[in-house]
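A short write-up of the structure that comes next.
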Amino acid sequence: MTQPKHIAIIMDGNGRWAKKRFLPRFVGHQKGLRAVKKVVSHCAEIGVESLTLFAFSTENWKRPKDEVSKLMGLFLSALQNEVSKLHKNNVRLNIIGDRTLFTDEIQQHILQAEHLTENNSGLQLNIAANYGGRWDVVQAVKDWSNKNPDKPITELTEADISMNVCLAEQSEPDLLIRTGGEQRISNFLVWQMAYAEFYFSDELWPDFDENSIDKAIASFSNRERRFGKTSEQVTHDSH
Ligand code: FPP
């Protein structure tokens, strides 16, 4: 069975999970963190190479102040309490997104966590925080231009952008999972997911577990990835 090398997840439905139980939205996010831990351990165990989780988008700042500050608190406590366990399990942690808007304390913890785990060779765990796909493409073009001050923009190629977006050194996501019933990409890894298979689940994120991941992987394995070729070409090439 072909297993995806790189799984990207839009973790949606924490608020609705809490609302259904007459609990504050924040409790949904706490339970969401529990689901994150399950999914990370499972992916590490079954040998997925990269896992990228959308934790906070550039649009999420528009949520009520209290929810934003509680989400930041949860992010900080996860960095304080979970990183040593990740390190023991040979997981390498990368935070992608514009981190300049986070508090100095969070930025410090991010740097320490990335430094501590930078030589780990197991699962690459990427957390997208204050991340937007369009921001990523723009910063890639700016980076390219800074590195090549003498080249005119007409020389910019797709490969140049691919080499300068976030996660350039990892394989591109081959499976995108979105929970919570919506079927949108929401400005996630728009460049990197050009050829990803999409899997939408009605489960709310806090309910997502090992079994749910296995179901998504099984669905991925049954699909035929053609990359623009015909079905016959793909079948012929693989024999
Ligand atoms: C979407 O649910 C979830 C978020 C915006 C936050 C995701 C955060 C976590 C899963 C917990 C913390 C994770 C880490 C990595 C520290 P929603 O609030 O949009 O749900 P709704 O659509 O039901 O309102």
Side-chain angles (χ1 to χ4, degrees), residues 7-44 48 50-87 89 91-99 101-103 105-110 112-114 117 123-133 166-167 176-189 200-210 212-213:
I7 302 179
I9 308 184
I10 301 178
M11 311 179 288
D12 201 5
N14 293 349
R16 278 165 286 161
W17 185 94
K19 200 172 169 197
K20 262 173 54 180
R21 291 164 178 77
F22 305 101
L23 294 165
R25 290 177 59 82
F26 176 62
V27 180
H29 296 313
Q30 284 177 322
K31 300 291 179 197
L33 181 57
R34 206 177 52 175
V36 167
K37 291 187 215 167
K38 283 187 196 170
V39 166
V40 169
S41 310
H42 191 55
C43 286
V48 170
S50 298
L51 175 66
T52 304
L53 304 175
F54 207 2
F56 196 84
S57 74
T58 43
E59 288 78 29
N60 285 150
W61 296 106
K62 295 181 201 141
R63 293 193 174 199
K65 258 198 182 133
D66 178 58
E67 183 171 345
V68 171
S69 101
K70 285 192 164 130
L71 274 169
M72 291 300 140
L74 197 61
F75 191 32
L76 181 61
S77 76
L79 284 166
Q80 286 165 331
N81 302 323
E82 304 300 330
V83 171
S84 58
K85 248 179 283 168
L86 293 174
H87 184 47
N89 287 303
V91 174
R92 178 174 181 178
L93 184 68
N94 308 292
I95 309 294
I96 58 166
D98 178 4
R99 53 181 79 175
L101 289 185
F102 294 125
T103 60
E105 192 182 15
I106 292 184
Q107 290 190 47
Q108 274 309 316
H109 276 89
I110 290 177
Q112 280 166 14
E114 288 180 333
T117 62
L123 176 72
Q124 301 262 337
L125 174 60
N126 311 300
I127 305 288
N130 194 25
Y131 176 86
C166 294
L167 310 179
L176 167 74
I177 299 173
R178 182 172 187 145
T179 63
E182 309 286 353
Q183 305 197 344
R184 287 191 288 274
I185 195 168
S186 296
N187 198 18
F188 196 19
L189 300 155
F200 298 107
S201 162
D202 287 333
E203 266 186 300
L204 302 175
W205 177 251
D207 293 325
F208 209 74
D209 61 12
E210 295 84 351
S212 321
I213 279 279

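Counting starts at 1 for both ligands and their atoms, in listed order.
- Ion pairing between K85 and E82 holds under the 4.0 Å rule for side-chain N and carboxylate O.
- More than 12 heavy atoms of other residues, nucleotides or ligands sit less than 6.0 Å from atom NZ of K38.
- Heavy-atom minimum distance, I95 versus E114: N-OE2, 2.8 Å.
- Checking each of Y131, F75, W61 against F56 for a ring pair (Phe, Tyr, Trp, His ring centres under 6.0 Å) leaves exactly one that passes, namely W61.
- Under the rule for a salt bridge (charged side-chain N to carboxylate O under 4.0 Å, His left out), R92 has no partner lying at least two apart in sequence or in another chain.
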Quick one: ligand 1 N/O to protein N/O pairs below 3.5 Å?
{"from": "ligand 1", "atom 1": "2 (O)", "to": "G13", "atom 2": "N", "distance (Å)": "3.4"}
{"from": "ligand 1", "atom 1": "2 (O)", "to": "N14", "atom 2": "N", "distance (Å)": "3.3"}
{"from": "ligand 1", "atom 1": "18 (O)", "to": "R25", "atom 2": "NH2", "distance (Å)": "2.9"}
{"from": "ligand 1", "atom 1": "18 (O)", "to": "R63", "atom 2": "NH1", "distance (Å)": "2.8"}
{"from": "ligand 1", "atom 1": "19 (O)", "to": "D12", "atom 2": "OD1", "distance (Å)": "3.2"}
{"from": "ligand 1", "atom 1": "19 (O)", "to": "R63", "atom 2": "NH2", "distance (Å)": "2.7"}
{"from": "ligand 1", "atom 1": "20 (O)", "to": "G13", "atom 2": "N", "distance (Å)": "3.3"}
{"from": "ligand 1", "atom 1": "20 (O)", "to": "N14", "atom 2": "N", "distance (Å)": "3.1"}
{"from": "ligand 1", "atom 1": "20 (O)", "to": "G15", "atom 2": "N", "distance (Å)": "3.0"}
{"from": "ligand 1", "atom 1": "22 (O)", "to": "D12", "atom 2": "OD1", "distance (Å)": "3.0"}
{"from": "ligand 1", "atom 1": "22 (O)", "to": "R16", "atom 2": "NE", "distance (Å)": "3.4"}
{"from": "ligand 1", "atom 1": "22 (O)", "to": "R16", "atom 2": "NH2", "distance (Å)": "3.1"}
{"from": "ligand 1", "atom 1": "23 (O)", "to": "G15", "atom 2": "N", "distance (Å)": "3.3"}
{"from": "ligand 1", "atom 1": "23 (O)", "to": "R16", "atom 2": "N", "distance (Å)": "2.6"}
{"from": "ligand 1", "atom 1": "23 (O)", "to": "R16", "atom 2": "NE", "distance (Å)": "2.8"}
{"from": "ligand 1", "atom 1": "24 (O)", "to": "R25", "atom 2": "NH1", "distance (Å)": "3.1"}
{"from": "ligand 1", "atom 1": "24 (O)", "to": "R25", "atom 2": "NH2", "distance (Å)": "3.1"}

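- Only one option out of L189, L125, I7, L176 pairs with T52 in a side chain to side chain contact (heavy atoms under 4.5 Å, CB included); it is L189.
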